[in-house]
Amino acid sequence: MPVRLLIILYLFATLLPLCSAWLQGLAPRSIADELASGAGILALAVILAEFVLLGRYRFVTRRAGTDIVMRMHQLLARSAAVLAVIHPFFYTTRRAPAPDWDVSRQFSVTHDFSAIWPGIIAWLLLPTLVLMAIGRNALAYRYETWRLMHGLGAALIAVFGVLHALRAGRYSADPVMVYVWLVLLGGVLFAFAYVYVLTPAAQLRRPWRVAAVRPIAKKTWEVTLRPERDTAFHYRAGQFAWLNLGHNPFSLQENPFSISSSPTSGSEVGFIIKEQGDFTRTIGQVQPGSRAYLDGPHGHLTIKDHPAPGIALIAGGVGIAPLLSILRDLRATRDTRPTTLLYGNRSEDQIVYPDELEILALDHGTHLIHVLSEPPEDWSGETGMVSPDLLRAEFGGEEHKHWLYVLCGPPAMIESIENTLMALGVPSGKILSERFSYD
């Protein structure tokens, strides 16, 4: 599905309630009252449409990119929170309870508690949920606990928000608006069921076993999975999957990791995982034979749909995982295009598979550039950071403007590289990146 069509469908879903209200042709109230109603309607519509931007729908993320979808999820949630918070303060016409003859609230705004209590709950929950998402890294909760709280909180906001609109909304008394709200709420409940019930149920039919867990660099491991049954896992080099190790698929104990193996390597699937979180700190203790489940593949960090005369792969730290998958696939498919791998780390012992990278450089002809910020005394490669000067030296030629650039690493590094490449004349459409850490 084209990205433009996805955007059109999203705008249609979010603006439909507002347009339905306008088409009712009710007698106008004060401008402040109409702005208040409009802000509430739009906020609720955006909240309900947020469940489409979960990052789990491949028909959405395949084109737009998972990180872009999640970024839009964050920004739109914050915008909806602002609209929802200011919504009740705009009203100037107040009367509680509303007169019996004004059943559609054309001439009054009620503060009757029986009508507005669901809205109060949603109004309190929404900014709390957004603030908890913004400050997640500062909270003492495990990721799985936060995820459960976030999902349940969002579902409660959707349910109470719709209930408030139906009980207290002037425009939502219209049968067409009732139908619109219920359809959108049905989409929310389906999305919730899809992520937490339907997808795990489907995974029960495709179990995996841990084939190997081996250290490949400082605090970095490669976990290899083998399907327990004769089922194929079709993915493209550069994609990622949600990995669940040692728990049933209905558990929240799953995390996203980039696939490091090549689609041509057989039925086994490999992941490169660094010790840096609640789950990953114990990754070396996972025993071969452990049960595992996969949800995927996800992500658009793949070169298949992006023809180019040359390929530049730029990685920072564990960001090498999807780029290693691409390199392995390029060698396996005998792709002869010129390829450069620019790989930055802090220290030499953090380099993943240094010997294999050297073999790839010789066998496939990959131009390999290592960059260390804390190099040893006998280091002969590049030092410091992946700087604009280094990028200009390697990709400043006229022919490099037409190459495809695939980036994976820390967000600050990716942003700096993107700015430098575009300053060199590389079109934004030739730069692929995925980042999963936002402000």
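As the structure is a prediction and not an experimental result, all values here were calculated from the model.
- The shortest side-chain heavy-atom distance between Y353 and R328 falls under the 4.5 Å cut-off.
- A donor-acceptor distance shorter than 3.5 angstrom exists from the side chain of Q239 to the backbone of G299, with no hydrogens or angles considered.
- Within a 6.0 Å radius of CE in M132, other residues, nucleotides and ligands contribute more than 12 heavy atoms.
- Side-chain contact between H367 and P338: absent, with no pair of heavy atoms (C-beta onward) separated by less than 4.5 Å.
- The closest side-chain heavy-atom distance from F250 to L204 is below 4.5 Å.
- At distances below 3.5 Å, at least one donor-acceptor pair connects side-chain atoms of Q287 with backbone N or O atoms of Q285.
- Two residues are said to be in side-chain contact when any heavy atoms from C-beta on lie closer than 4.5 Å; N345 and L372 meet this criterion.
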Verify side chain to side chain contact (heavy atoms under 4.5 Å, CB included) between E382 and L342, making sure each step is shown before the conclusion. CA-CA 10 Å; E382 297 288 340; L342 189 56; 5.8 Å; no
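- Formation of a donor-acceptor pair under 3.5 Å by the S261 side chain with backbone atoms of V269 is not found in this model.
- Atom-to-atom distance recorded for I431:CD1 and L421:CG is 4.5 Å, nearest 0.5 angstrom.
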Review point. Can you list the steps and then say if F395 with T420 is a side chain to side chain contact (heavy atoms under 4.5 Å, CB included)?
Key: CA-CA 10 Å; F395 307 114; T420 301; over 6 Å; no
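- For the pair T14 (side chain) and Y10 (backbone), a donor-acceptor distance under 3.5 Å is present.
- Evaluation of the side-chain hydrogen bond (donor to acceptor under 3.5 Å, both in side chains) rule for W181 yields S172 as partners, not counting sequence neighbours.
- Here the side chain of N244 pairs a donor or acceptor atom with the backbone of N248 at under 3.5 angstrom.
- Within the 4.5 Å cutoff, the side chain of L360 has heavy atoms near those of the L324 side chain.
- Annotation: side chain of V162 is not in contact with side chain of V188 (no heavy-atom distance under 4.5 Å).
- The heavy-atom pair separating Q350 from A217 by the smallest distance is O-CB, 3.7 Å.
- Other residues, nucleotides and ligands contribute over 12 non-hydrogen atoms within 6.0 Å of the NZ atom of K430.
- Two residues are said to be in side-chain contact when any heavy atoms from C-beta on lie closer than 4.5 Å; I120 and F160 fail this criterion.
- Counting only heavy atoms from C-beta outward, the side chains of R291 and E228 approach each other to under 4.5 Å.
- To the nearest 0.5 Å, atom CD1 of residue I47 and atom CG of residue L76 are 11.0 Å apart.
- Checked by atom type and distance alone, the side chain of T366 never pairs as donor or acceptor with a backbone atom of L368 at under 3.5 Å.
- Remark: the Y179 side chain and the S20 side chain contain no N/O donor-acceptor pair separated by less than 3.5 Å.
- Taking CD of Q253 as the start and CZ of R147 as the end, the distance is 9.5 Å to the nearest 0.5 Å.
- Using bins of under 30°, 30° to 60° and over 60° for the plane-to-plane angle, the ring pair F271/F257 lands in the perpendicular bin.
- Side-chain atoms of D349 and S347 form a donor-acceptor pair, as typed in the model, at a separation below 3.5 Å.
- Screening Y91, F90, F89 for a ring pair (Phe, Tyr, Trp, His ring centres under 6.0 Å) involving H87 leaves a single residue, Y91.
- Aromatic ring pairs are classed by plane angle as parallel below 30°, tilted from 30° to 60° and perpendicular above 60°; the pair Y405 and W403 is tilted.
- Atom-to-atom distance recorded for L182:CG and M177:CE is 11.0 Å, nearest 0.5 angstrom.
- Of the possible donor and acceptor atoms, none in the side chain of D329 sits under 3.5 Å from a partner among the backbone N and O of S325.
- Among V406, V386, I414, T340, the single residue meeting the side chain to side chain contact (heavy atoms under 4.5 Å, CB included) criterion with I314 is V386.
- Here the side chain of R229 pairs a donor or acceptor atom with the backbone of R205 at under 3.5 angstrom.
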Show, in sequence, the C-alpha distance, side-chain angles and deciding distance for T199 and Y293, and conclude whether the side-chain hydrogen bond (donor to acceptor under 3.5 Å, both in side chains) test is met.
CA-CA 11 Å; T199 297; Y293 295 96; over 6 Å; no
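- Here the side chain of H298 pairs no donor or acceptor atom with the backbone of A241 at under 3.5 angstrom.
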- Message: Go through it in stages, so that I can follow the logic: the residues are L16 and L184, the test is side chain to side chain contact (heavy atoms under 4.5 Å, CB included), and I'd like the CA-CA distance, side-chain angles, deciding distance and then a yes or no.
- Response: CA-CA 10 Å; L16 179 61; L184 291 177; over 6 Å; no
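- W242 places no side-chain N or O within donor-acceptor distance of the main-chain N or O of L294, the cut-off being under 3.5 Å.
- More than 12 heavy atoms of other residues, nucleotides or ligands sit less than 6.0 Å from atom CH2 of W379.
- Counting heavy-atom neighbours within 6.0 Å of L362 CG, excluding the residue itself, gives a total above 12.
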| request: Please lay out, stage by stage, how T224 and R214 fare under the test side chain to side chain contact (heavy atoms under 4.5 Å, CB included). | output: CA-CA 9 Å; T224 304; R214 50 184 173 270; 3.4 Å; yes
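- Pairs engaging residues 367-378 under the salt bridge (charged side-chain N to carboxylate O under 4.0 Å, His left out) rule: R346-E374 [sequence neighbours left out].
- Rounded to the nearest 0.5 angstrom, M422 CE and N419 CG are separated by 5.0 Å.
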